[in-house]
2 protein chains.
Amino acid sequence: MLHEEVVGRIRDILLDGEIPPGARIPERELCDRLQISRTPLREALKVLAAEGLVQLLPHRGSRAAKLTDKDVRDLFEVCQGLEALAGELACERITDAGIAEVAAAHAAMVQHYREGDLIQYYRGNRAIHEAIVTAAGNPVLAGLYASVTARIRRARYVTPMTPQRWAFAVSEHEAILNALQRRDGAGLAHILRAHLRHKREEVLQAGFAETEASELALRIA
Amino acid sequence: MLHEEVVGRIRDILLDGEIPPGARIPERELCDRLQISRTPLREALKVLAAEGLVQLLPHRGSRAAKLTDKDVRDLFEVCQGLEALAGELACERITDAGIAEVAAAHAAMVQHYREGDLIQYYRGNRAIHEAIVTAAGNPVLAGLYASVTARIRRARYVTPMTPQRWAFAVSEHEAILNALQRRDGAGLAHILRAHLRHKREEVLQAGFAETEASELALRIA
DNA sequence: TTCACCATTTTTGAATTCAAAATTTGGAAT
DNA sequence: ATTCCAAATTTTGAATTCAAAAATGGTGAA
């Protein structure tokens, strides 16, 4: 199995919350499961530790990284900055076809909103943000964004999504699409920053659950 | 030797340009030199590959990553965004003592400018930018910034530093310190962006040397 | 002389092995 | 019965080993 493959597999295991934050990473078990020896596994763990997903304790094994409140705040802060930058660049560089794609993704997301399908809505939401980052045409930026959002998602926070909040988030997304269509870089950056700030507020206000992450526990009050 | 230690040592070797970009990384040789076996060395190389400093070619060894023109552009773009964000945050969070420190560093840098000591000037310059990032109080941001600047520095570009440019750069730094002292976040972000944009222009206009990096080849026209 | 093909050597990627550190277990003393 | 200490076991970190892939070199034919 290729090195990159192993890193990806373990990253997915961590992001799926199969190994909850703070939990010990069972080396032997993962070796058996992935049918590899400890050498490539440990290489992967070092890489993931550099990414911030794994915490290495000398002579005491490795654990899935645990996010503090401060970590989440910091990550959101950086994410905001990266998305704002991506928005500005995207406005300069996105093609008309690219805008059409984002518009389509937006429409699909709104449809999920209308149907009240929160899971699909979140998926569509993420797709739009990623499309904007991709449209920025900067692989370095895209890489950092991926790493930061991965760590954030790892937090598996639980925000009580009220109808008001949801409607507001959708309206923000309307504004995002609008700014992109007008290629208003500064405006898009501004909206994205506000959008992320609101999301962060929700998360920090609600606290976030670092427990068994298999249950998504998304509820609408 | 500790894992982190090995990663640091090799990172330094790469940043010092001891192994020039594009050159093969001699595994055996480094093992002898660092007095370690291939296992920890290869672990370090994977980590550095994830950081973008090393390029792994399957079944064909690893090379010091080579930066294209586009890479440099992308890195500068991201660096701009990160510094702008750091500036805004620093204005909110920096203490008076912190401002005093930056002011002192600035004064030292100006002194080096007056003496015409370009090397020391660059060192002071870097110290100021790093101090601002530190003052932002966001370790995630600081980490990304470190990684991006490391990769940029690796390019070892050669810019013909004219007296005009140098004077202008110093004036920009005056403005940076000023905005920080006024805690004008938006203003500081704006200046930092412009400052980095100018630097990038210089670099891309001049092209950059990917050769034997031991010679610094900084010259004043 | 040059090109192509095959054997040899080297290098890479990964499994195994080994020593040191940490954890657990069992027993003895209070 | 509980606590403390020491022996045994497990786990970790790193060296060594091993198989496969790539590079090298040498020979023979055109």
Side-chain angles (χ1 to χ4, degrees), chain A residues 1-67 143 154 210 212, chain B residues 1-15 17-67 143 154 210:
Chain A
M1 196 184 302
L2 213 58
H3 163 74
E4 263 312 317
E5 166 87 3
V6 176
V7 174
R9 288 283 297 274
I10 299 171
R11 190 190 287 114
D12 287 342
I13 288 174
L14 291 169
L15 292 183
D16 289 348
E18 206 176 312
I19 299 174
R24 224 145 166 298
I25 293 174
E27 238 176 57
R28 191 58 52 93
E29 214 172 284
L30 281 179
C31 287
D32 293 346
R33 177 159 155 197
L34 303 185
Q35 294 289 309
I36 56 175
S37 76
R38 282 179 60 223
T39 306
L41 176 74
R42 289 171 54 77
E43 282 176 358
L45 289 178
K46 308 264 161 142
V47 170
L48 292 168
E51 275 180 35
L53 286 173
V54 165
Q55 185 182 10
L56 301 175
L57 303 108
H59 294 286
R60 214 163 300 174
S62 43
R63 298 180 163 274
K66 196 159 188 169
L67 292 178
R154 180 122 186 63
E210 289 239 338
E212 50 298 86
Chain B
M1 195 186 299
L2 212 57
H3 163 73
E4 263 312 315
E5 167 86 3
V6 176
V7 174
R9 288 284 297 274
I10 299 171
R11 189 190 287 115
D12 286 342
I13 289 174
L14 291 170
L15 292 183
E18 206 175 313
I19 298 174
R24 216 139 174 297
I25 293 174
E27 238 176 58
R28 190 58 51 93
E29 215 173 283
L30 281 178
C31 287
D32 293 348
R33 177 160 155 196
L34 302 185
Q35 294 288 310
I36 55 175
S37 76
R38 282 179 61 221
T39 306
L41 176 72
R42 290 171 53 77
E43 282 177 357
L45 290 178
K46 308 264 164 149
V47 170
L48 293 168
E51 275 180 34
L53 285 174
V54 165
Q55 186 183 9
L56 302 175
L57 302 110
H59 292 289
R60 211 162 302 176
S62 44
R63 298 178 165 276
K66 197 161 188 169
L67 292 177
R154 180 123 186 65
E210 289 237 337

Quiz item: Salt bridge check: are Glu18(B) and Arg33(B) linked by an N-O gap of less than 4.0 Å?
Solution: yes
Output the rounded distance in Å from [atom1] ([X]) to [atom2] ([N]).
X: Arg38(B); N: dT17(D); atom1: CZ; atom2: P; answer: 13 Å
X: Glu27(A); N: dT12(D); atom1: CD; atom2: P; answer: 5 Å
X: Leu57(B); N: dG13(C); atom1: CG; atom2: C1'; answer: 14 Å
X: Asp32(B); N: dA14(D); atom1: CG; atom2: P; answer: 18 Å
X: Leu41(B); N: dT11(C); atom1: CG; atom2: P; answer: 14 Å
X: Leu56(B); N: dA14(C); atom1: CG; atom2: P; answer: 11 Å
X: Arg42(B); N: dA15(D); atom1: CZ; atom2: P; answer: 14 Å
X: Gln35(A); N: dG13(C); atom1: CD; atom2: P; answer: 21 Å

Practice problem: Taking the side chain as every heavy atom from C-beta outward, state whether Ile10(B) and Val54(B) have any atom pair closer than 4.5 Å. | Solution: no
Exercise. Taking only the side-chain nitrogens and oxygens of Arg24(A), find out if one of them lies under 4.0 Å from OP1 or OP2 of dT12(D).
Key: yes
Quiz item: Going by modelled atom types, is there a donor-acceptor pair between the base of dA14(D) and the side chain of Ser37(B) at under 3.5 Å?
Solution: no
Donor-acceptor pairs under 3.5 angstrom involving side-chain atoms of residues 38-49 of chain B: please list them, not counting sequence neighbours.
residue  : atom : partner  : partner atom : Å
Arg38(B) : NE   : Glu27(B) : OE1          : 2.7
Arg38(B) : NH2  : Glu27(B) : OE1          : 3.3
Arg42(B) : NH1  : Glu27(B) : OE2          : 3.3
Glu43(B) : OE1  : Lys46(A) : NZ           : 3.1
Lys46(B) : NZ   : Glu43(A) : OE1          : 3.2

Quiz item: Relative to the 5' end of DNA chain D, which residue comes earlier, Arg60(A) or Thr39(A), by the nucleotide with the nearest heavy atom?
Solution: Arg60(A)
Quiz item: If you take all heavy atoms of Arg154(A) and Ala64(A), which pair is closest and at what distance?
Solution: NH2-CB, 3.1 Å
Quiz item: Mapping Glu43(A) and Pro58(A) onto DNA chain C by nearest heavy atom, which one lands closer to the 5' end?
Solution: Glu43(A)
